[in-house]
Number of protein chains: 2
Amino acid sequence: MKDPRPCSIADALALVGEKYSLLVLREVCLGNERFDQLVRNIGAPRDILATRLRRLVEAGVLEKVAYSERPRRFRYRPTRAGLELEPVLMTLMAWGDRHLRGDDGRPMVLEHSCGNELVPVVTCSACGDAVEHDDLTAHPQTPGWTTAGPAAALPAAP
Amino acid sequence: MKDPRPCSIADALALVGEKYSLLVLREVCLGNERFDQLVRNIGAPRDILATRLRRLVEAGVLEKVAYSERPRRFRYRPTRAGLELEPVLMTLMAWGDRHLRGDDGRPMVLEHSCGNELVPVVTCSACGDAVEHDDLTAHPQTPGWTTAGPAAALPAAP
DNA sequence: CTCCGTGCGTTGGAAAATCAAACCCTCTCT
DNA sequence: AGAGAGGGTTTGATTTTCCAACGCACGGAG
């Protein structure tokens with residue numbers, strides 16, 4: 001996943017965008033932290049899951065903790081960085097609920113501590129308003145890149 | 001990507017979780033809607049990109065619109081459903097900014113209409129508070145599934 | 001002690017997806 | 001006629017995925 005455009009979305013996806021990675025996060029956030037639970041609940045091949053887990057641990061998203069010596073058994077816990085991926089999961093789930101099923105009911109409902117069913121809304125931390133597409137302006141920080149592309153329509157000849 | 005657990009996160013990922021799909025969304029949301037722009041800005045092989053675009057169009061996330069007859073030329077525009085994936089992109093970008101770079105500056109800054117740099121926060125639409133992991137309780141809606149797994153620790157024999 | 005079951009992976013070979021480069025077609029411009 | 005842009009498709013090599021089977025370390029039952 002090499003992306004010509006410098007971009008944190010691409011960088012994040014290079015890490016957690018591989019097949020099953022976000023589902024691993026879903027499970028550990030639900031409290032299912034053991035290898036076999038992950039295999040059963042995600043349906044991933046064991047070898048692939050092992051590979052993903054290694055990567056997520058080395059990236060600091062998960063933590064491999066022994067919950068038993070002799071026999072040595074491990075569980076995978078989300079780190080702070082891992083927990084901070086939950087907003088991604090929530091918005092993804094909300095999108096799936098809205099657009100991928102025809103009111104046959106959601107397969108999972110999240111309850112917020114306020115007592116209501118969680119409907120996640122992305123807001124601007126500065127003004128508190130819900131963020132709409134039209135309210136955004138993108139400012140690339142890398143010289144040579146615009147929102148349109150690399151040195152957009154390069155004018156001068158070499 | 002068959003997931004044993006009934007889950008909108010898995011369903012959403014089955015559609016937009018393939019390599020490059022979310023980057024396509026990023027580009028069209030930035031206004032880069034032509035095939036060649038997508039190839040250049042994403043760095044995907046042309047054939048794969050063509051495949052992804054077909055899938056996203058047929059799923060109703062993108063719309064293929066001719067912007068020129070003779071020669072026939074197309075652009076890909078986000079539908080309403082496509083635009084509603086932006087919260088996913090925003091939270092993903094924010095996460096990447098926070099955890100994947102050591103303050104060498106973000107590659108892209110989004111400005112909100114309120115005049116401030118956008119820092120996206122996921123809030124509960126009911127109470128308006130920012131959502132933390134510990135504030136959530138999961139309620140599976142599918143009989144046979146708990147947060148722990150399928151018929152968690154099946155007790156009775158067949 | 002031997003067999004069974006659990007937990008956590010690794011191994012091997014077949015099947016599928018990805019990749020890069022080349023190719024094709026349709027127009028336009030010079 | 002030739003060159004170039006736009007929008008893909010084809011080809012063949014390289015990677016990944018997949019899945020079943022195996023390995024190993026233990027604990028308990030018979």
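Since this is a predicted model, take the numbers as computed values, not measurements. Letters A, B, ... mirror the listed sequences (proteins, then strands); counts begin at 1.
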In whole angstrom, give the distance that lies between atom [atom1] of [X] and atom [atom2] of [N].
X: A:Ile42; N: D:dT17; atom1: CD1; atom2: C1'; result: 16 Å
X: A:Leu49; N: C:dG9; atom1: CG; atom2: P; result: 9 Å
X: A:Glu33; N: C:dG9; atom1: CD; atom2: P; result: 14 Å
X: A:Tyr76; N: C:dG7; atom1: OH; atom2: C1'; result: 11 Å
X: A:Arg72; N: D:dG27; atom1: CZ; atom2: C1'; result: 18 Å
X: A:Asp3; N: C:dC19; atom1: CG; atom2: P; result: 12 Å
X: A:Phe74; N: C:dT10; atom1: CZ; atom2: C1'; result: 15 Å
X: A:Arg34; N: C:dC8; atom1: CZ; atom2: C1'; result: 11 Å

Of the nucleotides [options], which has the atom closest to the [X] side chain?
X: B:Arg46; options: C:dG7, C:dT28, D:dG8; value: D:dG8
X: B:Asp36; options: D:dT9, D:dG6, D:dC26; value: D:dG6
X: A:Asp47; options: D:dG6, D:dC19, D:dC26; value: D:dC19
X: B:Lys64; options: C:dA20, C:dG9, D:dG8; value: D:dG8
X: B:Arg70; options: C:dG9, D:dG7, C:dC27; value: C:dC27
X: B:Ile48; options: C:dC19, D:dC18, D:dT9; value: C:dC19
X: A:Arg73; options: D:dA5, C:dG9, D:dA25; value: D:dA25

- Message: So, applying side chain to side chain contact (heavy atoms under 4.5 Å, CB included) with B:Arg77, which one of B:Leu62, B:Val65, B:Val28 is it?
- Response: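 The passing option is B:Val65.
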
- Query: Cation-pi between A:Lys64 and A:Phe74: NZ/CZ under 6.0 Å from ring centre and within 45° of the ring axis?
  - Reply: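 Because its charged atom sits under 6.0 Å from the ring centre and within 45° of the axis, A:Lys64 does stack over A:Phe74.
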
- For B:Trp145, does its backbone N or O pair with a side-chain atom of B:Thr142 as donor and acceptor, under 3.5 Å?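 Checking the backbone N and O of B:Trp145 against the side chain of B:Thr142, no donor-acceptor pair under 3.5 Å is found.
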
- Taking atom types as modelled, find out whether B:Glu117 and B:His112 have a side-chain donor-acceptor pair closer than 3.5 angstrom.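 Note: B:Glu117 and B:His112 side chains miss the donor-acceptor criterion.
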
- Message: Please give me the minimum heavy-atom distance between A:Arg106 and B:Gln141, naming the atom from each residue.
- Response: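 Shortest heavy-atom contact: O-CG, 3.1 Å.
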
- Item | Side-chain ion pair, A:Asp3 and B:Arg26, N-O less than 4.0 Å |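 Counted as a salt bridge, because a side-chain N and a carboxylate O are separated by less than 4.0 Å.
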
- Rounded to the nearest 0.5 Å, how far apart are CG of B:Asp134 and OG of A:Ser113?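 If we round to the nearest 0.5 Å, B:Asp134:CG and A:Ser113:OG are 9.5 Å apart.
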
- For DNA chain C, the residues among residues 4-30 of chain B that have a non-hydrogen atom under 4.0 Å from it: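 By residue number: B:Lys19, B:Tyr20.
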
- Task: Identify whether any heavy atom of B:Arg54 sits under 4.0 Å from a base atom; if not, whether one sits that close to sugar-phosphate; answer base, sugar-phosphate or nothing.
- Result: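 Here B:Arg54 touches the backbone only, sparing every base.
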
- 5'-most contact on DNA chain D: A:Arg52 or B:Tyr67, nearest heavy atom basis?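 Final value for this comparison: B:Tyr67.
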
